[in-house]
Amino acid sequence: MHRLRTTVARLRPLTAAQTAQSLSQPRPLAVEGGLRTFQPARRLNTSVAAEPFLNGTSSNYVEEMYYAWLENPRNVHKSWDIFFRNANAGAPPGAAYQSPPPFAGTSQGLASVQALVGAQPNVEKLVEDHLAVQSLIRAYQVRGHHVTRLDSLGIMAADLKLKWSRESKQTFRCFYGLAESDLDKVFRLPTTTFIGGNESSLPLREIIRRLEMAYCQHIGVEFMFINDVEQCQWIRQKFETPGIMQFSLEEKRTLLARMIRSTRFEEFLQRKWSSEKRFGLEGCESLIPALKTIIDKSSQSGVESVIMGMPHRGRLNVLANVIRKELEQIFCQFDSKLEAADEGSGDVKYHLGMYHKRMNRVSDRLITLSLMANPSHLEAVDPVVQGKAKAEQFYCGDTEGKRVMSILLHGDAAFAGQGIVYETFHLSDLPSYTTHGTIHVVVNNQIGFTTDPRMARSSPYPTDVARVVNAPIFHVNADDPEAVMYVCNVAAEWRNTFHKDVVVDLVCYRRNGHNEMDEPMFTQPLMYKQIKKQKGVLQKFAEKVIAEGVITMQEYEEEVARYDKICEEAYARSKDEKILHIKHWLDSPWPGFFTLEGQPKSMNCPSTGISEEELGHIGNIAASVPVEDFTIHGGLSRILKGRGNMVNQRVCDWALGEYMAFGSLLKEGIHVRLSGQDVERGTFSHRHHVLHDQNVDKRICIPMNYISPDQAPYTVCNSSLSEYGVLGFELGFAMASPNALVLWEAQFGDFHNTAQCIIDQFISSGQAKWVRQNGIVLLLPHGMEGMGPEHSSARPERFLQMCNDDPDVFPKLSEDFAVRQLYDCNWIVVNCSTPANYFHVLRRQILQPFRKPLIVFTPKSLLRHPEAKSSFDDMLPGTHFKRIIPDDGAAASGPEKVKRIIFCTGKIYYELTREQSHQARLSPQLSPFPFDLVKAETDRYLNADLVWCQEEHKNQGYYDYIKPRIRTTISRTRPVWYAGRDPAAAPATGNKQTHLMELQRLLDTAFDLEAFSGKV
Ligand SMILES: Cc1ncc(C[n+]2csc(CCOP(=O)(O)OP(=O)(O)O)c2C)c(N)n1
Ligand SMILES: [Mg+2]
């Protein structure tokens, strides 16, 4: 707060210029629930810094008085009126203040002063007391949540390490020096509170009572760290306004019905499958009405699609009672004898996703709800949900998040412990990643498996991570369904108003062990003794509403019986299910992309080449600045000129090959999105997809968006410095539609391992677990270039090890073998040796009739290698991605003379260029392995020995993957020799000399025809 400075500055004489400026800048002043703009009509023109009562803390109060006086001099005490009048008249410092006039002077004045402050001995005391009250109000706003009754078990305080006693009323009051005797004095309320309703002053006793009602019941509001005045005022108004937390009879009945469904669902499962794990919601049943309230409110304000991510706890209940999955579909998941109808591994029932469009009864509007499938890895789904939500917003032109939103659910231990939560929060306000506000709901059962919060986190609340993005946090006692409903309404309104994240922290307990089989008394004996005594939430709430006359006991029992009957009937129907369809649990359908049976519409992949004219056109765009008066950097001009020359010579380097692929897809209406650290320029300064005006700050130009008037938009975005979060986000983005090329580039390939969870849990195995495809592309710069152990290897061995094809079986060859292989694999792994192949593999991602993740090990030094260029001829209509690049040199014309075939991939292809007619150099697609083409080549060079050459160490790179596959291809008739670096722990040496020596040695081995003689 800069109140003193502001006030003093205001009270000082103003220069003419200052006057003009300040008059043109209205000061927002909050009044009666809303913000309005207040234009001071008069200005004081004296310095008051020397006033005896004006110090750092009192300035706040003085400013309040001043604005009240400006509105109407009668708003303030007579003494203030005199002071401001004197100051306004230019009284010198220290002279504006006069002791209060003898009250006897006017009986009316005395009466009003006494009413306001009682019999004050002097103004100094008056100011002090008002200041104390103001500070007291602020204390409740800032710290009230510390003394809120959030925890129905009464154990939370120990973890909050409260300095404040639970006796908030007294503690707060005494701390600010207000005595018992002050309780009946009337104080003017500052504009930063709404407790007054229509009244502008209240007795202290009432002020405290209302603050206690607002901040110290079952809702703890944490918001005063938000550095936006308007947002703070909005929240104060939502919680302080008297009577604001009241509900209609109808609302209470709906709430009870939802509590019944939530509670009885778990009870039903417990009765039927008492020995099955389900991670039930008992102890936090109010989660269901909480989510339904958020969805109702959001739907009322125009949201059409809600994308949700959640962990195990209460997931089946959410599927049944929020998303409204048919109960029989859920129940039949408990039947282990059901046969799976779909290929793939499938997944356990509390990981599956779901998609459902239905009518929202409260808003009378259609709404689509989807719950994303997720692995066990807690919180990993967060960025995926955000990416999918962003994509849906993007495709429907929802630039403000008014139609599509995301809700993320969290467990208390995971929310505090998993770093991905933080990474995801940091995407929330970035232009190319924001989903315009996410509502986070924490099921805070005050335990994580067997670990107490005091051992699981160093912050007072599990939600503190949300403070980094200034998200308000609403803690609420989940045993009070009405309070839960209220904060959920406010959370939805907040998101709808400010389009920023918000957290609802449902403080609850876990009635059973971690799962239903677990014994919690081993580790939390006292907590569980307390829990056993705890009356269920539904029972407590039902008793309350029956006592209030909202519903009769009989009506309540009927409602319970009605839902039980629904469950029983669904259970009976579930017995008829014979087959389990994982595809019924799809979270992201792609309407129209597959046949009705969910198959690809064909098994062909057309040529991925494009016309000469198109190559020329896109190349020229890549070489130009398509807007006028735009000054680019001189170095960039040279790069663009170089591109122009390449186009004239009909060749492409790496960057231009990529440009051709992106540009041509955009022209065909395919959205392209490239995201990652520094991708706009490219880590290696080769891409330059965003041009920056050297003279105008922040003026940019993206030539890729100038290819054709009806092209799809190109998004290229430098990301936050996160791999886990951003890769997860892009995976989610790619999930929303098959008609987009979504690429994530690592700064260097080795950094991908901080996103390992997304790669292992979602990308390599996602289709097998959840029958959904994904065409995401990972660009991983890779290559041994003497840069040391880091920045060298993108760890191809790991990606190859996760490929699902069988190294020991030579596959059945058919006409559509190449496409079928792609269809059957879990992902495609390539290390392209030429720009043309890179161009084709990117286009193939879209032109093939299904979607598979693509892992590309991309070059570094090769980006500028003079030989690493492809002719336009290799990119014209009729051309394809070459699954193997056969040797077209001297070896090809005399195959019988060839003594050695050197297989390789990627950059080393260029090191193996020594023209030798007795050797053939072949660069194959890594996975799926081109068994057919490798066989053709090994059959051609029958007299040749076979060598795999790689620059990586022997226990890394491709050798372990390639060797058995070549052996299978040749029916194990010839050995496959190795030319490469020795096994090592680190991926590369830190010493440049050693690096070069190793390289020389491995090339010598590759070329030495005697290197393997005598070896077996
Ligand atoms: C990344 C990760 N680490 C560990 C686990 C194992 N695990 C499963 S549930 C759980 C406790 C989660 O506690 P909390 O987030 O509070 O959720 P709750 O079960 O209490 O609802 C743990 C540690 C996991 N699933 N994921
Ligand atoms: Mg927990």
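Just follow the structure's listing: the first ligand is 1, and inside any ligand the first atom is 1. All residue numbers in this chain count up from 1 along the given sequence.
For D518, there are no salt bridge (charged side-chain N to carboxylate O under 4.0 Å, His left out) partners, not counting sequence neighbours.
In this structure, H514 and H312 have perpendicular ring planes: the angle between them is above 60°, well past the 30° mark. Aromatic ring pairs are classed by plane angle as parallel below 30°, tilted from 30° to 60° and perpendicular above 60°; the pair Y461 and H146 is tilted.
Not a single N or O atom of G448, backbone or side chain, sits closer than 3.5 Å to an N or O atom of ligand 1. Ligand 1 has an N or O atom lying under 3.5 Å from an N or O atom of I447, backbone or side chain. Checking only distances, S376 does come within under 3.5 Å of ligand 1, N or O to N or O. For ligand 1, the polar-atom distance check finds no N/O of H377 at less than 3.5 Å from any of the ligand's N/O atoms. For ligand 1, the polar-atom distance check finds an N/O of A413 within less than 3.5 Å of one of the ligand's N/O atoms. For the pair Q418 and ligand 1, the shortest N or O to N or O distance does not fall below 3.5 Å.
Shown here are the protein N/O/S atoms lying under 2.8 Å from the Mg ion (ligand 2), water excluded: D412 OD1, N445 OD1, I447 O.
With ligand atoms numbered from 1 in the order given, ligand 1 contributes 11 (C) to contacts under 4.0 Å with heavy atoms of F449.
For F729 and W744, the distance between ring centers is not under 6.0 angstrom.
A salt bridge does not link K390 with E392: every distance from a Lys NZ or Arg NE/NH1/NH2 to an Asp or Glu carboxylate oxygen is 4.0 Å or more.
With D480 as the partner, the side chain to side chain donor-acceptor pair (under 3.5 Å) test is satisfied by one option alone out of K544, H218, Q217: H218.
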